[in-house]
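Below is one structure, written out as structure tokens; comments come after it.
Residue numbers begin at 1 in each chain, while the letters A, B, ... track the order of the sequences. FYI, side chains are in, hydrogens and waters are out, and symmetry mates aren't considered; it's all heavy atoms of this structure.
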Amino acid sequence: MAMDKTFDAATAESRLFTAWEQAGCFTAGANAKPEASSYCIMIPPPNVTGVLHIGHAFNNTLQDILIRWKRMQGFDTLWQPGCDHAGIATQMVVERELAKNGEQTRAKMGREKFLEKVWDWKGQSGGTIINQLKRLGASADFSRTAFTMSGAPGAPADEADGNFHDAVIKVFVEMYNKGLIYRGKRLVNWDPHFETAISDLEVENIETPGHMWHFKYPLAGGATYTYVEKDEDGTITLEETRDYISIATTRPETMLGDGAVAVHPSDERYASIVGQLVEIPVGPKEHRRLIPIITDEYPDKDFGSGAVKITGAHDFNDYQVAKRGGIPMYRLMDTKGAMRADGAPYAEAAALASKIGKSTKPLFETLVEFGAVSENTEVSQRETVAANFIDTINLVPDELRGKNRFIDGHSEPQAREIVVAEINAEGLAVMVTEVTTVKDDDGNETEVSNIVPYVENKPIMQPFGDRSKVVIEPMLTDQWFVETDKIVGPALDAVRNGDVKILPESGEKTYYHWLENIEPWCISRQLWWGHQIPVWFGPAVSADKQHYTSEAPVQFCATTEEEAIKLANEYYGPEAEAYISSYDQYQAEAKRAEGGISGFDDVPNMEMHEVGKKKRYCLFRDPDVLDTWFSSGLWPIGTLGWPNESEEMAKYFPTSTLITGQDILFFWVARMMMMQLAVVDQVPFDTVYLHGLVRDAKGKKMSKSTGNVIDPLDIVDEYGADALRFSSAAMAALGGVLKLDMKRIEGYRNFVTKIWQASSYGDNVIDAFSAERGAEPPKATLPLNRWIIGEVAKLREDVDAGLESFRFNDAANALYAFFWNTFCARYLEFTKPIFHGEDQAAKDETQAVYAWAIDQSMILMHPIMPFVTEEIWNVTDGRGVDTGDASKMLIHAEWPTYTAADLVDADAEAEMNWVIAVIDNVRSARAQVNVPAGAQVPMVVTQIDAAGQSYWDRNEALIKRFARIESLTPADEAPKGSIAIPAPGAAFALPLAEIIDVAKEKARLEKTLGKLAKELGGLRGRLNNPKFADSAPAEVVAEARANLAAREEEEAKIKEAFDRLAEIG
RNA sequence: GGGCGAUUAGCUCAGUGGUAGAGCACUUCGUUGACAUCGAAGGGGUCACAAGUUCGAACCUUGUAUCGCCCA
């Protein structure tokens, strides 16, 4: 059948993809040989809200290349696709959707209704990205498409078949029972927009213009001290009496929650006042709170005044200091980042806090003394109980309550601005002299000195939520944590001992560095969309189970409500019973909505009820959900059916290769390692291939605001999926930066066309595909055919070597160079004289070899360019997708195993190299002396060895055609004024005295001689160095010798030609 | 400040000890029967700098400079 003029990617792609899918080509185990080893890739699950961007396209192309390659090799392959429920991102998208449609807000419709909406949305548009992957030719087993929320309560019937939810819950319970998960009041990153905690990794620190204010904290009771400053030599530079300590801060509004002022223990300037009390210079004058001056290693003597205010509830460094020093941590803000409005009036709260601040006893004892907590509290609970009490104290002055923490888009001054203004007004700012130049009416400039508050304008590192883009507030809240330091060991060992390989190797270093310094992982999120934490709270009872206590609630962690009740009943004893109240869960949420974010300790019904004779204890479930990465951390086992003992789990786990972006090494890769090892005690994969962000041609990040975003589907539309895929492979150098240049894609689109044209030549011109053919190379006698068969074998080795070492670029470049430069530019051209000749046997042989070489090229190119290759496979022989038979399609063709050692014929290779050298040398010489391209010229041979003569005899027609030689005449000497053509073992000349420019030809030869001289110099230098022969490997020395001989021969010929030319001018 | 990396042709990048490569761009020529989404021929690099190891360094070591990315 005659092939069309060009490959129509747009129509072919969907047709081919449908044929593959219908024939079941992608399903797990398709095309596997009996007893095959398995090869499994887990897709990094894209967000279910996502649309395909160029990074996905790149990432999934690499996965598809490996899967197609392994599938053709007969491995039992599984490429597992699916999506991540992406808690924050999805909740955000659906909320935006609701707002757009004028529906009720999330808060108004409530949890259950909202979750229904999310599932609706997921059902309607959740599959977008998976369908987009198909446009790339992704051959994942779509019948197994997984979802990290499948099987969760509330999932619609058609979503409930998976059991990912069960896996997540089971892991949580197991880890809880092993003591790897705990709940505690810790300082976490709080996102005031989404009103949830987020993990360290979800925070982006961005340098932002900020201010550093300097304030005076007066010593209590008007005390004074002598403040002395010295320079490096110990000379006193300043000595004065002060009644204050100077503090620098970028966050004045947090002064309200200060628990102490800290100085370095070795700081002599403040040694005399350590232990004294200072007054926080904010809030109503009559209720000023006193806090102690303490010592801690944290303050930097050389930074600011050397003294630091300690606000444990709103700063990570201060938190550590406060923990070390038992300093109370007063939370000042609510879930929206506004100043708290709950609790007792300021006067009362400040008085209590002041008393606490003055106490020299440990915090718990102090609180017992004030009757705030019970001295009977169990020792293990004391810290929690004390912290919970402290958290009820609202130290925000009445007039600031409900205001935002800083101005951030508000028109009115907010807490920060008001606090600063009040301190300045009271004269407690540190003052400096500022000199400004003013012009009077006559234009005369005068310098004016003003005493002004000392405020430095300086960039500060400000934390932002990676999703919400709002300023993150460190907030002291109750959260769930994974005790990462307990599970990190095996994850580190697995990479250290080589069980898991991370590529490029630098990724391993980064991995070690992070895991060796890992922090507890905050896994609870105050969201609705996600896996709800399987812990139920109940009231604590006394040891004799007779009465309720005010201690922190008891946790019952279980996979189901029934289990939780069972656990609770065991705890409460036979005379009581537990029941579940969803009402109380809502109470807890409502409490949080009002700004109470610390816990559920005093949720109304959280106590026992006497019903008849039996005590009843109300349980309610923690309303929080798990961090999305907690569930995606279980992606490998979760998608394979764990915790059931599934066949897939046995076959495909541990999986083989993970291909993902460097940016989620910590988020995902490290966590999968830790969790799989913690849960099933096996590594999740053998090899991790990390790649960078795909950037634009100039190396800039693609972003909507820059307007340089390239939509991969636009590329597919314009250039075809194969061109995009080939570009991806060619860009994928290990550790390389990924700059996507449209020019390059265009170039690979041209390559696709080239492949098509070469096939079309085989089909339409030489009719190569009509004969039967198989995987074995045809019997060939012609050196040309024997040579190309060997070249194909070399290519097979190169492609396999590239893919085996994840050097996709090497594989791609080998294919490109072979097909364009060797197959098309040489072999295809060289077949032409045969088909224009009369030798039928030669024609038959060449048809067969041509067809075989095309077949093999299609096979070897298929993993990278599945569409054009499958289409050619189909069109050139009526095989393939048109049959509907998977076993006949290229996608399931047998990957070759022949080697260069099997198929390379050294004689044929030498012959073809000689022929090519002669042609190239003639062409080069002709072009340089401006012989018209079309002109047929005579050639003279002055010297030729036996091998050369036989090469010539066998290839005369070919050489004459491509070098445009009309005749070859032997001569003793080259005619005067001819152009020299050296070749290995031969010397030719073109007698063109009448048309050439002698000076030009001399210049050409001189240039060649110059190059040769340089090369010869290097070679001789090496060979004359006795140490070289002694130390270098024998083959390197031999190669250098051979090289030298060849160059010397060439030089001699050119010198001779040059001398001859010199005779005539 | 800590960690990781980069610096090679005009541009984008390969190149893991044997003397420099690709694509694009550029110059000249060419509508020769697969292909102008093409063909032929060419120009172009002190491999950031410095010192060291080595018979031999773009490659290994150390330092310097500049630029990225990640974490504080």
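Classification of A:Arg251 and A:Glu473 as a salt-bridged pair holds, one side-chain N sitting under 4.0 Å from a carboxylate O. With salt bridges taken as basic N to acidic carboxylate O contacts below 4.0 Å, none links A:Arg1020 and A:Glu1015.
The stretch residues 717-730 of chain A participates, sequence neighbours left out, in these salt bridge (Lys or Arg N to Asp or Glu O under 4.0 Å) pairs: A:Asp64-A:Arg725, A:Arg135-A:Asp717. Note on residues 1028-1038 of chain A: no pairs pass side-chain hydrogen bond (donor to acceptor under 3.5 Å, both in side chains), not counting sequence neighbours.
For the segment residues 1027-1037 of chain A, the set of residues with a heavy atom within less than 4.0 Å of an atom of RNA chain B comprises A:Lys1027, A:Phe1028, A:Ser1031, A:Ala1032, A:Pro1033, A:Val1036, in numerical order. Residues from residues 715-727 of chain A lying near RNA chain B, meaning a heavy-atom separation below 4.0 Å, are absent.
For A:Lys509 against B:C4, a side-chain-to-base donor-acceptor contact under 3.5 Å is absent.
When the side-chain hydrogen bond (donor to acceptor under 3.5 Å, both in side chains) test is applied to A:Lys794, the partners found at least two apart in sequence or on another chain are A:Glu791, A:Glu909. Shown here are the side-chain hydrogen bond (donor to acceptor under 3.5 Å, both in side chains) partners of A:Tyr511, two or more places apart in sequence or in another chain: there are none. Among residues two or more places apart in sequence or in another chain, the side-chain hydrogen bond (donor to acceptor under 3.5 Å, both in side chains) test is passed with A:Glu829 by A:Lys832. With sequence neighbours excluded, the residues that form a side-chain hydrogen bond (donor to acceptor under 3.5 Å, both in side chains) with A:Tyr298 are A:Asn317.
Where A:Arg964 and A:Ser506 each meet RNA chain B at their nearest nucleotide, the meeting point lying more 5' is that of A:Ser506.
Residue A:Gln936 is out of contact with every strand shown, counting any heavy-atom pair closer than 4.0 Å.
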Sort me out a list of protein N/O and nucleotides 20-26 of chain B N/O pairs below 3.5 Å, or just none if empty.
none

Atom pairs, N/O to N/O, protein against nucleotides 40-46 of chain B, distance under 3.5 Å?
| from | atom 1 | to | atom 2 | distance (Å) |
| --- | --- | --- | --- | --- |
| B:A41 | O3' | A:Ser924 | OG | 3.4 |
| B:G42 | OP1 | A:Ser924 | OG | 2.6 |
| B:G42 | OP1 | A:Gln928 | NE2 | 3.3 |
| B:G43 | OP1 | A:Lys1007 | NZ | 2.2 |

With sugar-phosphate taken as primed atoms, P, OP1 and OP2 and all else as base, the protein-contact string of nucleotides 66-72 of chain B at under 4.0 Å (heavy atoms; B, S, -) is ---SS-B

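When base pairs are accepted only as Watson-Crick or G-U wobble with both N-N or N-O distances under 3.5 Å, RNA chain B takes part in stems of 3 or more pairs at B:1-7 with B:65-71, B:10-13 with B:21-24, B:26-30 with B:38-42, B:48-52 with B:60-64.
OP1 or OP2 of B:G15 has at least one side-chain nitrogen or oxygen of A:Arg807 nearer than 4.0 Å.
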